[in-house]
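Notes follow once the structure below has been shown.
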Amino acid sequence: MWKRKNIKKNAIALIKSGYGRMISVCFLIAMLTTAYAVSTTFLNLQLSSGRPQTDAAYTPSLSNSEVLLDTLREFLEQTPAASVIHGVPADISSLLVDLFSTNLSVFFSLLRAAHLFLDGEFSIMLLFPVLGILILFLYQIFISNILIVGEKRFFLEIRKYPRTPVSKIFCLYKLRCIRRPAWVMLCRSVFQFFWNFTIAGGIIKHYEYILIPYILAENPKACRKDVFCLSKQLMKKNKWKFFLLDLSFLGWKILSVFTLGLLDFLFVNPYLTACRAELYAVLRRNYVLSRSPGYEILNDSYLEHVPSEDELLISKALYDDSQGPYTRISYFEPEQYPVFLFSVQPPLRAVKSPVRAERKYDVLSYLFLFLIFSVFGWLLETLLRLVNDGVYASDTLLHGPWIPVYGAYGVLILLISRHLIRRPVLVFAVNAALYTLVEYLANTASVLTHGSSLRDYSNFLLNLDGRVYLGGSVTFALLGCAFLYYLAPRWADRYMKLGHSRRIFVCVVLYILLIADLVWSVR
């Protein structure tokens, strides 16, 4: 038996011991997946359903509420229900839809495609919305769902290992163990979707399936049938108690709305997730001790039993090196999970040398990375437009596949934030400030030279003169961290392997193309 009071007490103690890491993990998951939708709503909340008339090269896409209401009006135009749709208060309905949804949604992407279809755009261009939906679908399967399992793994480990790194959310990628967890999580999403049509059945199945990512976090090699069966058994006679646990957070969620989601980021999300991890630990412990059917699947005893240094040394000495590469390269990190004893070991090719984020860059590397960041930005924005709007369009004034603002932002991060590499929170804040400055100056320059802003954010809740908004600053601060800690070192290492003469040749060719594009665009 378990009591809600004890679960919350243990969760609070857990938060006190790893507050910074837990906030960072929940923040990353909120920004990269469809979890914690309420938390991210206010970063992208648009104030009105109308679109301002603007000559800006880019205007943010329609919000979820606008797409939903427009599509319903199109379908119900000549029916009695049309008056009901038109009578719904726009502000209230829009807020509710946007509050509990996210742009990373296949459903709303389908609605955007339907919206284009109903507008009468019958052409080859309809292939782009379909492509955007496919990309988003693959993102949900192989990135979003995998990161959610990684988040559960982090919270399960940090209960016993206080120095569990934030990078644990990427553990399945490091293990090269993706296909089976992706398949199980996809089945969970599909089954849940169809059960939701019964309403009551959807609520019941939500709690019956709620432990699936935790089971996968403990044993990612478990098959779909075993995982679903085990989750059902663990939640037997516990669904109502779990519901009451979630219900006890209702007051926190309401208070978070009044703080524009800030309280979610700072406390509610880590608290709720820690409670669920603690509850799973209690349920799995009781299930294993009772030797109930399928308990062998819960095979990670080190989530409960922290081995001593002597046990680790003996285990490493007796462990067969052929079982996995971690046995040859691992070293003992105090207060961290012994990865070389995990039941799943990565292939040898997956174990790479650590990224040296603090490395120095020469002039050629900076020139090369400026171009690579520019191309990366173009690819990223093209994909986002494809997913959010269902259109293929370039938002840059240049004709080539690059957006120099990204290049300037990436190089500035390397020049300024590299010296703060061991203080990630400060790096994040500096990156957000840098992006805000770069985009504001770029849009201001565009207004002065062309009479219009490159981007118009005037209908967003948290914007600065319509040229920058908070959601963009937060998103690009995360992207800047990815540049600094991983992408730039990896790309620079590969560039260095070309040799000095080839490096010069590559830079000269790319800059000739960029300058030619600039001249052509100005003309």
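Treat the numbers as computed from the prediction; the structure is a model and nothing was measured.
One finds no salt bridge joining Arg163 and Glu157 here, because no Lys/Arg side-chain nitrogen approaches an Asp/Glu carboxylate oxygen to under 4.0 Å. Under 4.0 Å is where a charged nitrogen must lie from a carboxylate oxygen, and between Glu358 and Arg418 no such pair does. Using a 4.0 Å cut-off between charged nitrogen and carboxylate oxygen, Lys168 and Glu151 do not count as a salt-bridge pair.
Scanning both residues, Thr436 and Ser473, for their nearest heavy atoms gives OG1-OG, 2.8 Å. Residues Pro220 and Ala217 share a closest heavy-atom pair of CD-O, 4.4 Å. Taking all atoms of both residues into account, the shortest heavy-atom contact from Ala488 to Phe373 is CB-CZ, 4.0 Å. Across Tyr485 and Leu420, no two heavy atoms sit closer than the pair OH-O, 4.4 Å. Pairing each heavy atom of Leu266 with each of Ile23, the nearest pair is O-CD1, 3.5 Å. Across all their heavy atoms, Leu216 and Ala222 have their closest contact at CD2-O, 4.4 Å.
Between the CG atom in Leu172 and the SG atom in Cys177 there is a gap of 6.0 Å [rounded to 0.5 Å]. In this structure, Thr382 OG1 and Leu386 CG are separated by 8.5 Å, a value rounded to the nearest 0.5 Å. Between Phe137 atom CZ and Ser144 atom OG the span is 12.0 Å, to the nearest 0.5 Å. The CG atom of Asp300 sits 13.5 Å away from atom CD1 of Ile215, with the distance rounded to the nearest 0.5 Å. Interatomic distance, NZ of Lys174 versus CD1 of Ile169, reported as 9.5 Å (0.5 Å rounding). Taken from CG in Leu364 to CZ in Arg503, the straight-line distance is 5.0 Å, to the nearest 0.5 Å.
For Tyr271, the ring-ring contact (aromatic ring centres under 6.0 Å, His included) partners at least two apart in sequence or on another chain are Phe249, Phe267. With sequence neighbours excluded, no residue forms a ring-ring contact (aromatic ring centres under 6.0 Å, His included) with Tyr302. Take Arg180 and apply the salt bridge (Lys or Arg N to Asp or Glu O under 4.0 Å) test, not counting sequence neighbours, and it matches no residue. Every residue was checked against the side-chain hydrogen bond (donor to acceptor under 3.5 Å, both in side chains) condition with Asn145, not counting sequence neighbours, and none meets it. Checked against side-chain hydrogen bond (donor to acceptor under 3.5 Å, both in side chains), Ser446 has no partners two or more places apart in sequence or in another chain. Take Leu379 and apply the side chain to side chain contact (heavy atoms under 4.5 Å, CB included) test, not counting sequence neighbours, and it matches Val375. Looking at residues two or more places apart in sequence or on another chain, you find a ring-ring contact (aromatic ring centres under 6.0 Å, His included) between Tyr495 and Phe368. Residues passing the side chain to side chain contact (heavy atoms under 4.5 Å, CB included) test with Val425, sequence neighbours excluded: none. The ring-ring contact (aromatic ring centres under 6.0 Å, His included) search around Tyr366 returns Tyr361, not counting sequence neighbours. Ala408 meets the side chain to side chain contact (heavy atoms under 4.5 Å, CB included) test with Phe370; sequence neighbours excluded.
Contact of the Asn443 side chain with the Glu439 side chain is registered, since non-hydrogen atoms from C-beta on lie closer than 4.5 Å. The side-chain heavy atoms of Ile143 and Leu32, taken from C-beta on, include no pair separated by under 4.5 Å. Residues Tyr139 and Thr34 are not in side-chain contact: their nearest non-hydrogen atoms beyond the backbone lie 4.5 Å or more apart. The closest side-chain heavy-atom distance from Ile504 to His500 is below 4.5 Å. Contact annotation: the side chain of Arg159 never approaches that of Leu303 to less than 4.5 Å [non-hydrogen atoms, C-beta and beyond]. For the pair Ile403/Val405, a side-chain contact is recorded, criterion being any heavy-atom separation below 4.5 Å from C-beta on. Residues Cys26 and Phe265 fail the side-chain proximity criterion, which asks for heavy atoms closer than 4.5 Å.
Checking side-chain atoms of Tyr511 against main-chain N and O of Leu367 turns up a donor-acceptor pair under 3.5 Å. Judged by distance alone, the side chain of Thr33 and the main-chain N or O of Ala30 form no donor-acceptor pair under 3.5 Å.
For residues 407-438, the set of pairs meeting the ring-ring contact (aromatic ring centres under 6.0 Å, His included) definition, not counting sequence neighbours, comprises Phe27-Phe428, Tyr409-Tyr435, Tyr435-Phe476. Identified under the salt bridge (Lys or Arg N to Asp or Glu O under 4.0 Å) test for residues 457-466, with sequence neighbours left out: Asp465-Arg467.
Dense packing is recorded around NE2 of His305, with more than 12 heavy atoms of other residues, nucleotides or ligands lying under 6.0 Å away. Counting non-hydrogen atoms of neighbouring residues, nucleotides and ligands closer than 6.0 angstrom, the CZ atom of Phe505 reaches no more than 12 such neighbours. Annotation for Arg423: atom CZ does not count as buried by contact number, only 12 or fewer foreign heavy atoms lying within 6.0 Å.
If you check the side chains of Asn431 and Ser417, you find a donor sitting under 3.5 Å from an acceptor. The closest side-chain donor-acceptor pair between Asp362 and Ser365 falls under 3.5 angstrom. No hydrogens or angles considered: nothing links the side chains of Ser308 and Asp310 as a donor-acceptor pair under 3.5 Å.
Ring to ring, Phe376 and Tyr406 are not that close: their centroids are 6.0 angstrom or more apart. The aromatic ring centres of Tyr337 and Tyr161 sit less than 6.0 Å apart. Ring centroid separation for the pair Tyr280 and Phe155 does not come in under the 6.0 Å cut-off.
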**OP:** May I have the step-by-step check of side chain to side chain contact (heavy atoms under 4.5 Å, CB included) for Leu414 and Phe483, ending in yes or no?
**Re:** CA-CA 8 Å; Leu414 296 182; Phe483 282 164; 5.6 Å; no

**OP:** Could you check Leu498 against Val506 for side chain to side chain contact (heavy atoms under 4.5 Å, CB included), going step by step and ending with a plain yes or no?
**Re:** CA-CA 9 Å; Leu498 294 177; Val506 168; 4.2 Å; yes

Subject >> Residue pair Ser521, Asp517: steps toward the side chain to side chain donor-acceptor pair (under 3.5 Å) verdict >> reply: CA-CA 6 Å; Ser521 299; Asp517 194 352; 3.2 Å; yes

**OP:** Tell me, with the steps shown, if Leu514 and Leu510 meet side chain to side chain contact (heavy atoms under 4.5 Å, CB included).
**Re:** CA-CA 6 Å; Leu514 176 61; Leu510 291 177; over 6 Å; no

**OP:** Quick one: do Arg276 and Ile210 satisfy side chain to side chain contact (heavy atoms under 4.5 Å, CB included)? Show the steps, please.
**Re:** CA-CA 9 Å; Arg276 290 179 172 179; Ile210 201 168; 4.1 Å; yes

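Ring orientation note: the planes of Phe460 and Tyr457 are nearly perpendicular, at an angle over 60° on the 30°/60° scale.
A cation-pi contact links Arg153 to Phe342, judged by a cut-off of 6.0 Å to the six-membered ring centre and 45° from its axis.
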